[in-house]
Amino acid sequence: MTAIPPLPASTPEAAVNDPSAGPRPRTVPGPGSGADRAGAPDAAGVETAGTRASALHAPVLAWFDQHARDLPWRRPEAGAWGVMVSEFMLQQTPVSRVLPVYEQWLARWPRPADLAAEPSGEAVRAWGRLGYPRRALRLHGAAVAITERHGGDVPSEHAQLLALPGIGEYTAAAVASFAYGQRHAVLDTNVRRVFARTVTGVQYPPNATTAAERKLARALLPDDDTTAAHWAAASMELGALVCTARNEDCSRCPVSGHCAWRLAGKPAHEGPARRGQTYAGTDRQVRGRLLAVLRESAGPVGQASLDAVWHEPVQRARALDGLVADGLVEPLEGGRYRLPG
DNA sequence: CAGTCGTGGTA
DNA sequence: TTACCAAGACT
């Protein structure tokens, strides 16, 4: 049941400039969008950004034109809504797992208003096992807001995007850039890693995005909107395909000759290990099991069905309360529960 | 600002 | 097998 139609390959620029994606992309950079507006004097490293940029841009852009994946949300027909849906799903989730859910989602809800017309529980159900189901709730909430506040069209202004539930700094910039061809620093984990290595000369970026990283990203941003949007997609793709967290392949990197980290002998990451997640036994695991039961049931389920997923009653109750508090589960009369209607 | 929030593939 | 990682957002 491969629902993916055999679409013609499209250039990355096609999606960026797609006029059917919504409001016309800006052709003139807005006021104050210059990269040199930050008040503080350039930090070490940033002042050489101009030099870096000239060395990095052309090879990375050319590499992208040749190696970019043909992902459905990059096709012209995806539109701004398709881009936005993909960005929600891709938050902390690999492309391979997003693809099938994305296709079904867009087929069922081709416009924001289509999703907004349904109860949020349907979004949670269709989210399937993508993880972090609050994203489904937020995407539904964003669709409602777009329908109410923006006439059903995904807004093109960064500030308006940022005001939608589930959209933070990264996603607002990504939608504005990928869907509307605007000039924004799109700082995701891939781009941060590429910059950390090529420019800063370290293996990994800091745990949390820093002001210095934002400043560097702005300094590296090409001047015109079209090239900036192209660069955003290209630098991200390089991090996703070549300059990966583990097993990076410098032999396939178009800027390996300029990479500060590689030229320094690829020194290992200094400092504490990344993070300790340990999923087994956490509330998150219990929440996941509880919600799975609700998702797979057509109607409300009884307390006994939920009790069966976890042996420890205190943690189980806490997890269920959390799901209800988050709006992911709706309690009914008589100890029954369902996805929100 | 550090914690929380799912899930599954891979080294 | 354990641990890390995958286009973050929110509190």
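Below, chain A is the first sequence line, B the second, and so on; all start at residue 1.
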[X] side chain near [N] phosphate (N/O to OP1/OP2, under 4.0 Å):
| X | N | value |
| --- | --- | --- |
| R129(A) | dG8(B) | yes |
| S86(A) | dA7(C) | no |
| Y279(A) | dT7(B) | yes |
| R246(A) | dT10(B) | no |
| Q92(A) | dA6(C) | no |

How is [X] classified with respect to the nucleic acid when contacts are heavy atoms under 4.0 Å: base, sugar-phosphate, or nothing?
| X | answer |
| --- | --- |
| A245(A) | sugar-phosphate |
| R295(A) | sugar-phosphate |
| I167(A) | sugar-phosphate |
| R97(A) | base |

Closest to the side chain of Y132(A), out of dG6(B), dA7(C), dA6(C), is dG6(B)
Quick note, Y204(A) side chain, CB onward, closest among dC5(C), dG6(B), dA7(C) is dC5(C)
The residue, R193(A) or A172(A), whose nearest nucleotide of DNA chain C is more 5′ is R193(A)
> Counting distance only, does the side-chain N/O of E157(A) pair as donor-acceptor with the main-chain N or O of Q160(A) below 3.5 Å?
Replying inline: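 Not confirmed, E157(A) side chain does not pair with Q160(A) backbone.
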Requested in this report: Answer with yes or no whether T93(A) presents, from its side chain, a donor or acceptor under 3.5 Å of a partner atom in the base of dG6(B).
Outcome: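 Result: at least one qualifying N/O pair found.
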From CD of Q315(A) across to C1' of dT4(B) the rounded distance in Å is 14 Å
Query raised in the report: What is the distance, rounded to the nearest whole Å, between atom CD of Q91(A) and atom P of dG8(B)?
Result: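 Checked: the CD to P distance equals 19 Å.
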Side-chain contact test, heavy atoms from C-beta onward, threshold under 4.5 Å: evaluate it for V60(A) versus W231(A) and give yes or no.
yes
Check: Between the side chains of Y170(A) and Q91(A), does any donor sit under 3.5 Å from an acceptor?
Finding: no
When P94(A) and R134(A) are each assigned the nearest nucleotide of DNA chain B, the 5'-most assignment goes to R134(A)
Taking atom C1' in both dA11(B) and dA7(C), what distance in whole Å separates the two?
-> 22 Å
Discussion item. Atom CD of residue position E169(A) - does it have more than 12 heavy atoms of other residues, nucleotides or ligands inside 6.0 Å?
Written reply: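 Not buried by this count: 12 neighbours or fewer within 6.0 Å.
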